[in-house]
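What follows is a set of notes on a single structure, which appears directly below.
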Amino acid sequence: MKITICVCSSRSFMDRSEVIKLAVCAHKAGHEVRLVSDLCELCENKSEEVHQIADTAIVACHPRAVRSLMAFAGEDDVELYNLRSQSAVEVLQSLGVKAVDFNEADAAPWKRETDAMPRKLGEDAWYPTLDKDVCAECGKCLEFCPFGVYEMVNERIRVVHPHHCKNNCPACARTCPASSIIFPKYERSPINGGEDRQENAIKLDSRELYATTLRERLATRKGTVFRVKKE
């Protein structure tokens, strides 16, 4: 069996010790294990690696989130396991792999690999994906987003410009009446694709939020133009 584990290196959702335990046990059982730093980033860039990953058992965060990520990158048929809310032992059981004892020497190469992965907090891949099983194609996200992340393509809402999204902002997800917008790296469910309802309903003044984000965007653009002229 080939197994891919997303470490989510810029965030703290994945317990590194659990990642290492899973990798060591699966490797000892004779399975091919690969760690990736950030599955969101690979899917955002629609990397060729995504197609290889799609043929493996994917251990990452909430399945609903990962399914929408992979669909965004063009892969719909995937095998998913949740290490964000389950332990390594639970995931190993789901994979049909026995948890075994191991020592520091067994864990060392996996720890070195995870420690070397880049941390880009505030600059890591952050963008919405859509659960098309529940999306009503109402277009509220398209009307709301000031950054041009969404477009209507053949009468269906699409995330066309994920790089335009403002890091750590999940505001459009709160405007969606169908709760179809997922931010995999958000802290709470259901916005992060989890099943629990940890996120309380928040009333948004959409006009004020739009104005605020637009001001920030213009300020950033103005600063960039100034630096270019100065150089």
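Small disclaimer: the values here were computed from a predicted structure and weren't measured.
Closest of all the heavy-atom pairs between H62 and S189 is NE2-OG, 4.3 Å. Shown here for Y186 and F13, the closest heavy-atom pair between the two residues is O-CZ, 3.9 Å. Shortest non-hydrogen contact noted between Y127 and E44 is OH-N, 3.1 Å. Looking at every heavy atom in both residues, C145 comes nearest to Y150 through CB-CD1, 3.9 Å. Across L39 and C6, no two heavy atoms sit closer than the pair N-SG, 3.4 Å. Nearest approach of P170 to N168, heavy atoms of both residues: CD-O, 3.3 Å.
Of the N and O atoms on the side chains of N45 and S47, not one donor lies less than 3.5 Å from an acceptor on the other residue. A donor-acceptor contact under 3.5 angstrom links the side chains of H161 and E151, judged on distance only.
Here K21 pairs with E18 in a salt bridge; the nearest charged N to carboxylate O distance falls below 4.0 Å. A salt bridge links E41 to K120: at least one charged side-chain nitrogen sits closer than 4.0 Å to a carboxylate oxygen. Salt-bridge formation is detected for the pair D38/K185: a Lys NZ or Arg NE/NH1/NH2 atom is positioned less than 4.0 Å from an Asp or Glu carboxylate oxygen. Ion pair E75/K46 not flagged as a salt bridge, since none of the NZ, NE, NH1 or NH2 atoms sits closer than 4.0 Å to an Asp/Glu carboxylate oxygen. The existence of a salt bridge linking E79 and K2 is excluded, since no basic side-chain nitrogen approaches an acidic carboxylate oxygen closer than 4.0 Å.
Within the 4.5 Å cutoff, side-chain heavy atoms of V149 are placed close to those of V159. Contact check for M70 versus C43: side-chain heavy atoms found under the 4.5 Å cut-off. Counting heavy atoms from C-beta on, the side chains of C141 and I157 come closer than 4.5 Å. Between I181 and R174 the shortest side-chain heavy-atom distance does not fall below 4.5 Å. In this structure the side chain of L130 never reaches within 4.5 angstrom of the side chain of S68, judged on heavy atoms. Considering only heavy atoms from C-beta on, P177 comes within 4.5 Å of C138 through its side chain.
Judged as a salt bridge (Lys or Arg N to Asp or Glu O under 4.0 Å), and not counting sequence neighbours, R67 has no contacts. For Q52, there are no side-chain hydrogen bond (donor to acceptor under 3.5 Å, both in side chains) partners two or more places apart in sequence or in a different chain. Take R158 and apply the salt bridge (Lys or Arg N to Asp or Glu O under 4.0 Å) test, not counting sequence neighbours, and it matches no residue.
With F183 as reference, C165 is the one residue of C169, C165, C40 to meet the side-chain contact (heavy atoms from CB on, under 4.5 Å) rule.
A continuous path of hydrophobic side-chain contacts links V66 to I53 [ILVMFWY only; heavy atoms under 4.5 Å]. Under a hydrophobic clustering in which Ile, Leu, Val, Met, Phe, Trp and Tyr are joined whenever their side-chain heavy atoms come within less than 4.5 Å, directly or via other members, F72 and L142 fall into the same cluster.
Using a 4.5 Å cut-off between side-chain heavy atoms of Ile, Leu, Val, Met, Phe, Trp and Tyr, V19 falls into a hydrophobic cluster with M1, I3, I5, V7, M14, I20, L22, V24, V33, L35, V59, Y81, L83, V91, L92, L95, V97, F102, W110, M117. The hydrophobic cluster analysis finds V134 isolated: no Ile, Leu, Val, Met, Phe, Trp or Tyr side chain comes under 4.5 Å of it, directly or through other members. Side-chain contacts under 4.5 Å among hydrophobic residues (ILVMFWY), followed directly or transitively, place V100 with no other residue at all.
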Check: After noting the C-alpha distance and the side-chain angles of E113 and R34, does the key distance pass the salt bridge (Lys or Arg N to Asp or Glu O under 4.0 Å) rule?
Finding: CA-CA 10 Å; E113 185 173 353; R34 177 188 180 193; over 6 Å; no

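Within the model, atoms CD1 of I182 and CG of D131 stand 5.0 Å from one another, a figure rounded to the nearest 0.5 Å.
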